[in-house]
Amino acid sequence: MIFIQIIVGWIKRFAYESQQLFFFSLKMLRSMAGRPIYPAETFEQMYLIGVGSLFLIVLTGLSAGQGMTLQFSNELAEFGSKNYLGRIMAIAILRELGPILTGLMVAARVAAGITAEIGAMKSSNQIDALTAFGIDPIRKLAAPRLIGLIVMLPVLTIICDIIAIIGGWIIAVFISHITSTTYITAVKNRLVFGNLFIGIVKPIVFSFIIGFISCYKGFSSEGGTKGVGRATTESVMLSSISILIANFIITKVVYSFFRGYL
Amino acid sequence: MIEFRDVNYAIGDKQILKHVSFRIPAGEPRIIVGHSGSGKSTILRLILGLACPTSGEIIIDGQNICGLEEKRLREIRRQIGMVFQDGALFDSMTVGENVGYYLLEHTEMKLDEIEDNVRQMLGFVGISDEYLDRLPDELSGGMQRRVAIGRALLSTNPKIMLYDEPTTGLDPQMTTNIISLINRLMEHRHVTSIIVTHQIADAFKIGDRFIFIDAGEVAFDGDVNGLRDSKDPRVVEFLGPFRKSIAHVHKIDFV
């Protein structure tokens, strides 16, 4: 009986949180449309998200590209199909690994930062102070961060894709002894509209997920510094899980309806 | 004028305010006293429209602010200056940016004009120019509180000033400075002022009209003599040793 009560309690809390997140997300979208706009804050966020995450993304892309190429080249060698290495790398990175690794890395780094910053402002009454001055705190704090994510996450994903493919090229040419032309030609063959499209749509969706969840968790944090810490952890967890679920849904939808373009 | 009419406020199952009613005429000060956690600060949040009462009406200048749309609320907030507990200064901005923030956001003033206004205001609250480019973290608690008062005054040229525990955590000298600043503002600008505090000794130095809140209820509303003579056990317990000395406390004039 107690077990059922706990489950019901979880479901109720999940439903309530989902509803609150939904309404908060609508407020954020509305705040992006109206005036005043905050260009200085928006560019600052673009810099913090983009430039701040660059090193991490380059390292992730390089590591993933090299590791995958090493694994695939050994397997493909058994079937005498090493020439397909570039083709497989392009598909795996453009469609899946590039967006998802970038999304998860940015979720870990940026979502935590956004939630902690907004949560700290809330616990020290700074958000109430903004409201008292007749300033919409969602427009002032959340909208620039969301715009920063929408602009920079696709850019970071493209950089991750390029670095991963370059990392793969280094392994393919110098360790697996595939000619550079073979690898590059195979990669080029898979740079088709469908693969590029899916590789851009995913980070845009992920940026909304990270922006909505991290800002919501910051604004709804309660309980002082301990509450901010808890909200930050939940923000990263929820963003990461949502990204993984969204990634699967997008892949499934694309395969169901746009297979001819891939 | 500010009027509360049978205001109730709850968060979840917890009742914060119960049937709170009072009236504060325009230009008058009112000190709201009570134990920590009695619901005093909630009254200020309700006046600012940062929270909505569960039931009842909050009338500001003849208009019930409960349920007003955000745009109209923002217009009302522009008549109100709020000094939050601990100042609530924007910690990523300098002292000058904090004080001039409202002018930067809501007016077409040029930067040098804003800076002139900021310098004047900082002078008014007793902060020298050398602190203009400092961050709030680099200031003492009392200085932060004075910057917060300056920010509230410059921001809205308010008709109503709300102070949430303005002297809590300050040393005696700084407390005297803040109280004298509040008294000076009340005398020179004639703004309706509500000061929330649990520091009973400080309360008597600011004004002589009190509302005592106990466990979310108005236990007393009246002048200093009524407070002193009250037989309500909640008031007697709260005043404790200060009860006998009330007659000897005088308002502090700004020096």
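Every value quoted in this text rests on a predicted model; they were computed, and no experiment measured them. Numbers restart at 1 for each chain; the letters A, B, ... are given by sequence-line order, proteins then strands.
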Legend entry - A:D128 side, atom CG; B:L44 side, atom CG - distance, nearest 0.5 Å: 11.0 Å
Legend entry - Value rounded to 0.5 Å, distance of CZ in B:R77 from OG1 in A:T131: 6.0 Å
Inset, instruction - Could you list which of residues 138-151 of chain A have a heavy atom closer than 4.5 Å to any heavy atom of chain B, in residue-number order? - result: A:K140
Heavy-atom neighbours of [X] [atom1] exceed 12 at 6.0 Å:
| X | atom1 | value |
| --- | --- | --- |
| B:M109 | CE | yes |
| A:Y38 | OH | yes |
| B:L111 | CG | no |
| B:E113 | CD | yes |
| B:R72 | CZ | yes |

Closest heavy-atom pair and its distance - [X], [Y]:
| X | Y | value |
| --- | --- | --- |
| B:F84 | A:A129 | CE1-CA, 3.4 Å |
| A:D136 | B:R74 | CB-NH2, 4.1 Å |
| B:A88 | A:S124 | CB-O, 3.4 Å |

Inset, instruction - Heavy-atom distances under 4.5 Å only: say whether A:L130 touches chain B with side chain, backbone, both or neither. - result: both
Inset, instruction - Please lay out, stage by stage, how A:I135 and B:Y101 fare under the test side chain to side chain contact (heavy atoms under 4.5 Å, CB included). - result: CA-CA 11 Å; A:I135 292 161; B:Y101 186 67; 3.2 Å; yes
Legend entry - Residue pair A:Q126 / B:L89, side-chain heavy-atom distance below 4.5 Å: no
Legend entry - Donor-acceptor under 3.5 Å (B:H106 side chain, A:F133 main chain): yes
Inset, instruction - Classify the side-chain pair A:N125/B:Q85 by whether it contains a donor and acceptor separated by less than 3.5 Å. - result: no
